[in-house]
Amino acid sequence: MSSALDSELHTRIQNNGNSRQEEISSELNVLQKHVAYFDKNHDGIIYPWETYTGFRAIGCGVLLSAASAFLINLSLSRRTLPQGKFPSLLLPIYVENIHKAKHGSDSGVYDSDGRFVPSKFEDIFRKHARSNQNALTSQELMDMLKANREPKDYNGWLASWTEWKILFFLCKDKDGLLHKETIRAVYDGSLFELMEKERASKQKTS
Ligand code: HEM
Ligand SMILES: [Ca+2]
């Protein structure tokens, strides 16, 4: 896949506006929306093969998709199990409890209930977007990750690094910038649907 997201996708992100918000049930919190894309059959549970299918659909290769699916489900499954459920080798992630899978050393844009905190989102750019008001360079992203680190929270450091690096790898523009609207769209998961559409339309034309 191309390392830079082309302008067509950026236009789609800009035009997407609130239309998706209307489509999706307002009962889901924003973190639930972030992961709901990966619940392919909408039964409220994300199995590793669904995570894999989702990664493939947004344009990730077989290796990255397989490794991500295994590691994400392995590390998040247990914490999202409803009370009384035993851990399962099928590594289910329960969408309704996804807020329990939050880790440390993050941006704080999701609160502990999985809701979106606009002021924390604005902080990202106020504090770290130095060369462009509405975008992050690779170095600025790295500075943000370092600034978010809590002492000795190595799991949190790794989780945040992986989330942001994959986002940057997939969605930077041709000048190596990760745009504010792209980051906004990853939080509620609308980005994943746009990437899937973008990929499908590219495949049709090629
Ligand atoms: C290509 C796919 C994905 C990308 C690019 C991605 C990216 C991100 C980003 C940038 C954040 C924000 C972190 C912060 O605010 O510091 C995040 C948070 C999160 N993501 Fe994803 N994500 C992806 C897939 C998934 C999947 C499949 C799951 C689980 C099924 C998941 C679960 C979470 C959770 C639980 C958080 C909250 C972490 C926290 O704030 O402590 N993500 N993700
Ligand atoms: Ca499912």
Side-chain angles (χ1 to χ4, degrees), residues 1 5 28-61 64-80 88 90-125 127-128 136 141-142 144-150 153 155-172 178-180 182-196 199:
M1 63 163 295
L5 208 60
L28 293 188
N29 66 42
V30 178
L31 182 53
Q32 287 169 336
K33 290 179 188 173
H34 174 76
V35 300
Y37 168 79
F38 296 89
D39 178 12
K40 292 294 166 190
N41 62 352
H42 310 293
D43 65 351
I45 304 175
I46 304 165
Y47 287 102
W49 51 91
E50 292 179 290
T51 313
Y52 175 83
T53 310
F55 268 78
R56 294 288 288 139
I58 59 175
C60 297
L64 176 63
S65 303
S68 306
F70 179 67
L71 291 173
I72 289 175
N73 282 71
L74 184 70
S75 53
L76 306 190
S77 175
R78 261 190 102 126
R79 280 180 281 159
T80 68
S88 161
L90 298 177
L91 305 177
I93 294 174
Y94 286 77
V95 175
E96 63 177 326
N97 291 331
I98 192 67
H99 61 284
K100 295 187 183 164
K102 265 178 59 69
H103 50 75
S105 304
D106 57 13
S107 66
V109 172
Y110 294 123
D111 70 11
S112 54
D113 290 322
R115 288 174 305 217
F116 183 79
V117 183
S119 59
K120 291 280 182 187
F121 178 70
E122 294 302 328
D123 276 353
I124 295 180
F125 303 92
K127 290 184 185 163
H128 304 288
L136 296 177
L141 180 65
M142 205 53 234
M144 178 188 86
L145 288 172
K146 286 187 186 151
N148 288 347
R149 284 181 184 168
E150 291 155 27
D153 171 32
N155 286 338
W157 297 11
L158 181 66
S160 286
W161 187 89
T162 317
E163 287 158 0
W164 284 100
K165 286 291 176 172
I166 292 181
L167 181 64
F168 191 84
F169 167 71
L170 293 173
C171 297
K172 65 180 183 292
L178 184 60
H179 290 259
K180 186 172 183 177
T182 307
I183 300 177
R184 181 64 187 87
V186 81
Y187 276 106
D188 69 3
S190 54
L191 180 71
F192 301 134
E193 285 174 11
L194 294 165
M195 290 171 82
E196 180 176 335
R199 185 163 171 266

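This chain uses plain numbering: 1 for the first residue, then up along the sequence. Ligands are counted one by one from 1 in listed order, and the atoms in each one are counted from 1 as well. Scope of the values below: all heavy atoms of this structure, side chains included, with no hydrogens, waters or symmetry mates.
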Exercise for the section: Examine Asn41 and say whether one of its N/O/S atoms is closer to the Ca ion (ligand 2) than 3.0 Å. Expected result: yes
Handout entry: the Ca ion (ligand 2) reached by Ile45 (N, O or S, under 3.0 Å)
Key = yes
Report the part of [X] in contact with ligand 1, treating N, CA, C, O as backbone and CB onward as side chain, heavy atoms under 4.0 Å; options are side chain, backbone, both, neither.
X	value
Asn73	neither
Leu31	side chain
Ile58	side chain
Ile93	side chain

Exercise for the section: With the Ca ion (ligand 2) at the centre, find the angle made by OE1 from Glu50 and OD1 from Asp43, to 10°. Expected result: 140°
For [atom], find the nearest protein heavy atom and state the residue, atom name and distance (0.1 Å precision).
atom	answer
atom 39 (C) of ligand 1	Asp106 OD2, 3.1 Å
atom 32 (C) of ligand 1	Val35 CG1, 3.7 Å
atom 15 (O) of ligand 1	Ser107 OG, 2.5 Å
atom 38 (C) of ligand 1	His103 NE2, 3.4 Å
atom 2 (C) of ligand 1	Phe55 CZ, 3.5 Å

What's the spacing between [X] [atom1] and [Y] [atom2] if we round to 0.5 Å?
X	Y	atom1	atom2	value
Leu141	Lys172	CG	NZ	11.5 Å
Leu91	Leu71	CG	CG	10.5 Å
Ser190	Arg184	OG	CZ	7.5 Å
Phe116	Leu31	CZ	CG	12.0 Å
Thr53	Ile46	OG1	CD1	11.5 Å
Thr51	Ile93	OG1	CD1	5.0 Å

Practice task
State which residue, out of Asp188, Val95, Asn97, fulfils the side-chain contact (heavy atoms from CB on, under 4.5 Å) condition with Gln32.
Solution key: Val95
Practice task
Report the relative orientation of the aromatic rings in Tyr187 and Trp164; use parallel for angles under 30°, tilted for 30 to 60°, perpendicular for over 60°.
Solution key: perpendicular
Practice task
Assign the ring pair Phe121 / Phe125 to parallel, tilted or perpendicular, where the plane angle (0 to 90°) is split at 30° and 60°.
Solution key: perpendicular
Exercise for the section: Check ligand 1 against Lys102 and write out every atom of the ligand that is under 4.0 Å from a heavy-atom position of the residue. Expected result: 37 (C), 39 (C), 40 (O), 41 (O)
Problem - Closest to atom 19 (C) of ligand 1 (judged by heavy-atom distance), picking from Glu163, Glu50, Lys165 - result: Glu163
Exercise for the section: Could you pull out, from Gln32, Lys120, His34, the option with a heavy atom nearest to atom 22 (N) of ligand 1? Expected result: His34
Exercise for the section: Heavy atoms only: give me the nearest Phe192-Ile58 pair and the separation to one decimal. Expected result: O-CG2, 3.4 Å
Exercise for the section: Using non-hydrogen atoms of the residue, decide whether Tyr187 is closer than 4.0 angstrom to ligand 1. Expected result: yes
Problem - 4.5 Å side-chain heavy-atom contact, Asn148 and Ser160 - result: no
Problem - Heavy-atom side-chain proximity of Lys165 to Phe169 below 4.5 angstrom - result: no
Practice task
Identify, by name, the N, O or S atom of Asp39 lying closest to the Ca ion (ligand 2).
Solution key: OD1
Handout entry: Polar atom proximity, Thr51 to ligand 1 (N or O, under 3.5 Å)
Key = no
Exercise for the section: Compute the shortest N/O to N/O distance between Tyr110 and ligand 1 and return yes if it is under 3.5 Å, no if not. Expected result: no
